[in-house]
> 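Pasting in a structure now, in C-alpha cells, and then I'll have a few things to ask.
Just so we're on the same page: letters track the sequence lines, and every chain starts at 1.
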Amino acid sequence: MSPEHSTPRVTVAEAGRHAGETVEIAGWLYNLRRSGKIVFPQLRDGTGIIQCVALKSSLPEQLFETLRDLTQESSLIIRGKVRAEQRAPGGYELDVEGAEIVQRVPESDPYPITPKDHGIDFLMDHRHLWLRSRRQHAALAVRHEVIRGIRDYFDSHGFVLVDTPIFTPSACEGTSTLFEVNYFDDEKVYLTQSGQLYNEATCAAFGKTYCFGPTFRAEKSKTRRHLTEFWMVEPEMAYATLEDVKQVGEELIVSVIGRVLENRREELKVLERDVTKLEAVKAPFHRMSYDEALAKLQSKGSQIQWGGDFGNADETLLTEDLDRPVMVDRYPTNVKAFYFQPAEDRPEVVLGVDFIAPEGYGEVIGGGQRIHDLNLLLKRIDEHGLPREAFGWYIDLRKFGSVPHGGFGMGVERFVAWMCGLEHIRETIAFPRMLYRTKP
RNA sequence: UCCUCAGUAGCUCAAUGGUAGAGCAUUCGGCUGUUAACCGAAGGGUUGUAGGUUCGAGUCCUACCUGAGGAGCCA
C-alpha cells in the first residue's frame, strides 16, 4: 500500500508469471486450513484464488499466530514468494513472508456464508456477499463476456448503438405488464418493456441500430425463467426481411458462444458446464414453421392446437432431440403483437420468429419483420383496441420513407443461464429483482 | 392471480403424538502438506405467528405470515 516498498503488487491471475519472485497480493481470506505448525490461507482477489503456505518455523511468532487466527473473508495483503506446486489448487502457491491485515472479521459476527451448503432463501438474502463465491463469480464473469461479445458483434457489423428511453409515455403491447411511474404531471408514464418501437425510428436514421439496457415487466411470474428487471439487447434493421433477422440472430449467437468458449473456459469449468453442448451450437440452426413445430409437438403428445402459443413444456419438447437452437417462424397472427408483418400468401400468420435454445432454456430471441404499410398498421392498431393518438410518431414512420424492416430482442439473462448451464436465471445478474425479492 | 410444497440452533437437516438431536459455523485444546482438512471438548432453542384437538403437540386441525417451484404471460 505504501509507495516506499518495492515488492511488486500482482493479481492471482498473474501470479504464475512471477514464479520464483517475491510479490504481494491484496485480497480476502477465502478459506483457511491449519495444522499446528503450518497454515494454508487461501487468498481470493477477484481474479482467482491462490493457496498460501505459512510455516511456524520460518516466520516471526506474532505473524504466524495472526495468520493462524484469521477469520473467513478478512481483508489482507500477503507478501511471499510464488512457487509452482502441484498439490495446490491452481498450480501455484505463495510462501508467506509477510502480511498486513486490512480488516479482520470478528469471531463474534463471523462471515455468514460458510463453505458448507446453504438454502436459496439464505443465499439470496446475502446476495451482496454471495457474489464472492466461486460459482457466482464465474456466472457473472460469463455474463460480462456475453455482453462484450454482443456489443462487439453489433459494433463490427455496422450497427450503431442508440439507446432508447426507460420512461415511456404509452404501452407498446398493453398496459397490464407495465410499471406505472407517478411523477410526471400531465400523463401517465411507464418503465420500458421494450425499446423496439423507438428502434424502428432510429434504424430509419442510421440503417442498423441496437439498444441495450434494462427492461421491466410487471408480470406476476414466479418461475426460474423470469425477472421483473432484466437486460435486453434489441437490434433493428431498415430494408430487412424476416430472413435477414434470422441470419443476424444466428450469427450473433454463434459469435457470442465462440467468445465465451474462447475466454471463459475456467469459469465454465467452475460451473461444471458441459462445454461439448456449447461447442455443438453451430450454424445453420434448425428452421421450421409454426405449422411444422405444431405437427412435431402433436406427434410427441402435446395437446396444443393451431392458434395457441407454445408453453414451456412445448418448448422443451420441441428441442429435446436437438443440439442447437431452432428458429420457429410464421406464428398465428393472434399470438403476436400488433406490429408484425403478415405473410403475403397467408394473412393468418405473421413474419415473426422465435429462437428456442436447447436443453430446456427456451426462447432466447424473439423478433421478426414489422409492418411497413401505413394503412395496414392503422388497421392493426384499431383491431387491437389501441389509441391511434398514442402512436402518432410511430405511425409517422410509415409516412416518411417507409421500408420493410425488422429486428429482434435477446434476453441477456436467459442467454447467460444457457451458457452457464444454470437452473435459475436469478444467478445471472448481480442483484436480481423478482416478484417477492427486491433486496439487497 | 391460481395450484403444489416447505418453515426446528447462525447455516444445512433429523426427531412413531411421549425427555429437542447431529454435522458445519463460533470458543478452547491437539496436529508440519491441508484440499468443503481432521481429532477431542464447550456454549448455542419461545420448533414462522395466533388459535384449537389431546393427559401430553415440532408432529394432528384452522387461519395468517414468509419463502420456494410450477401454470398463465413472456425475453
> In whole Å, measure the gap between the C1' atoms of B:U8 and B:U49 for me.
15 Å
> Looking only at the side chain of A:His226 (C-beta and beyond, no hydrogens), which of the listed nucleotides B:G33, B:C73, B:C11 gets closest?
B:C73
> Can you measure A:Tyr210 atom OH to B:A75 atom P for me and round it to whole angstrom units?
21 Å
> Mind running a 4.0 Å heavy-atom check of residues 301-318 of chain A against RNA chain B and sending the residues that fall below it, in number order?
A:Asp309, A:Asn312
> Given B:A75, B:A36, B:A68, identify the nucleotide with an atom nearest to the side chain of A:Glu363.
B:A75
> Applying the 5.5 Å / 30° rule, does A:Phe40 stack onto the base of B:G33?
no
> Is it the case that the base of B:G72 and the side chain of A:Ser221 share a donor-acceptor contact (distance under 3.5 Å, atom types as modelled)?
yes
> Given B:A71, B:U32, B:A68, identify the nucleotide with an atom nearest to the side chain of A:Ser35.
B:U32
> With heavy atoms under 4.0 Å as the rule, sort A:Gln42 into base, sugar-phosphate or nothing.
nothing
> If you go through the side-chain atoms of A:Arg33, does one of them form a donor-acceptor pair with the base of B:C31 closer than 3.5 Å?
no
> Enumerate, atom names and distances included, each donor-acceptor pair closer than 3.5 Å involving a side-chain atom of residues 228-235 of chain A, sequence neighbours excluded.
from, atom 1, to, atom 2, distance (Å)
A:Thr228, OG1, A:Arg433, O, 2.9
A:Glu234, OE1, A:Gly195, N, 2.8
A:Glu234, OE2, A:Ser194, OG, 2.8

> Could a donor-acceptor pair under 3.5 angstrom be found where the side chain of A:Glu93 meets the base of B:G33?
yes
